[in-house]
Amino acid sequence: MDEPLDVLGISGSLRDDSYNRALLEAAARLAGNDIEITLFDIGDLPHFDADVEAEGDPEPVKAFKQAVRSADALLIATPEYQHGIPGVLKNALDWASRPPSDSPIGGKPTAIMGATVGAFGTARAQQDLREVLIYNDCPMVMTPEVLVADAASKVDESGEFTDEETLDFVRRLLGELTKLARG
């Protein structure tokens, strides 16, 4: 049997009760023995600045780049802010794309999903995120699309996703990510 797939989970939301973090936690519970999902909090990353980079990556950036580099695959959960991805997520991906000649994110198999309290899911944010990942030559899971609308109605009082349709989509996404990463 193969070693478990080492997946780095990244939430584009920093909110304490983030639905996107809860979605990643649901994925970790559903992963079983074939996938190990480790969540990385991107809240400590400084704003990307080439002058800062020229002086050497700050410790939080070093830790993030190492986590990305050592993972077999990425699982990114993003909310949708003004039809796009949050600045904090774009910032993290900017750091992970550096240096261009040896980018930690370059070519990394990736799956994306997202949750929002709105009625339309996170389709536009996911399209925005796909553009960033295409630039970084990341192979991506294209289906199923996990677009969780009205997220507040799909979690229990403790903030865990309990909606079976949502959980089924997440299971299927993990299966596709495993196929993509294992090649």
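Keep in mind that the numbers below use all heavy atoms, side chains included, and drop hydrogens, waters and symmetry copies.
- For the ring-ring contact (aromatic ring centres under 6.0 Å, His included) test, residues two or more places apart in sequence or in another chain that qualify with F64 are F40.
- Closest non-hydrogen pair, L45 versus A92, comes out as CD1-CB, 3.6 Å.
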- Message: Test salt bridge (charged side-chain N to carboxylate O under 4.0 Å, His left out) on D94 and K90; report intermediate values, then the result.
- Response: CA-CA 6 Å; D94 287 345; K90 178 62 167 70; 2.6 Å; yes

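- A side-chain contact (heavy atoms from CB on, under 4.5 Å) with I112 is found for exactly one of V141, L147, L133, namely L133.
- Counting heavy atoms from C-beta outward, N33 and P4 have side chains that stay 4.5 Å or more apart.
- Partners of F48 according to the ring-ring contact (aromatic ring centres under 6.0 Å, His included) rule, which considers only residues two or more places apart in sequence or in another chain, are W95.
- Within the structure, salt bridge (charged side-chain N to carboxylate O under 4.0 Å, His left out) pairs that include any residue of residues 41-54 comprise E53-R98 (at least two apart or interchain).
- For the pair T110 and L177, the tightest heavy-atom approach, listed with the atom from each and the gap, is C-CD1, 3.9 Å.
- Between E80 and T122 the shortest heavy-atom distance is OE1-C, 3.2 Å.
- Partners of D168 according to the side chain to side chain donor-acceptor pair (under 3.5 Å) rule, which considers only residues two or more places apart in sequence or in another chain, do not exist here.
- Hydrophobic clustering (side-chain heavy atoms under 4.5 Å, transitive across Ile, Leu, Val, Met, Phe, Trp, Tyr) groups I37 together with F169.
- Counting only heavy atoms from C-beta outward, the side chains of P109 and L180 approach each other to under 4.5 Å.
- Screening residues 65-79 for salt bridge (charged side-chain N to carboxylate O under 4.0 Å, His left out) gives D57-K65, R69-D102 as the qualifying pairs, with residues at least two apart or on separate chains.
- Contact between V148 and K154 at its shortest, heavy atoms only, is CG1-CD, 3.9 Å.
- Remark: D156 pairs with S158 by the side chain to side chain donor-acceptor pair (under 3.5 Å) rule, at least two apart or across chains.
- Of all heavy-atom pairs spanning T78 and P86, the tightest one is OG1-CD, 3.3 Å.
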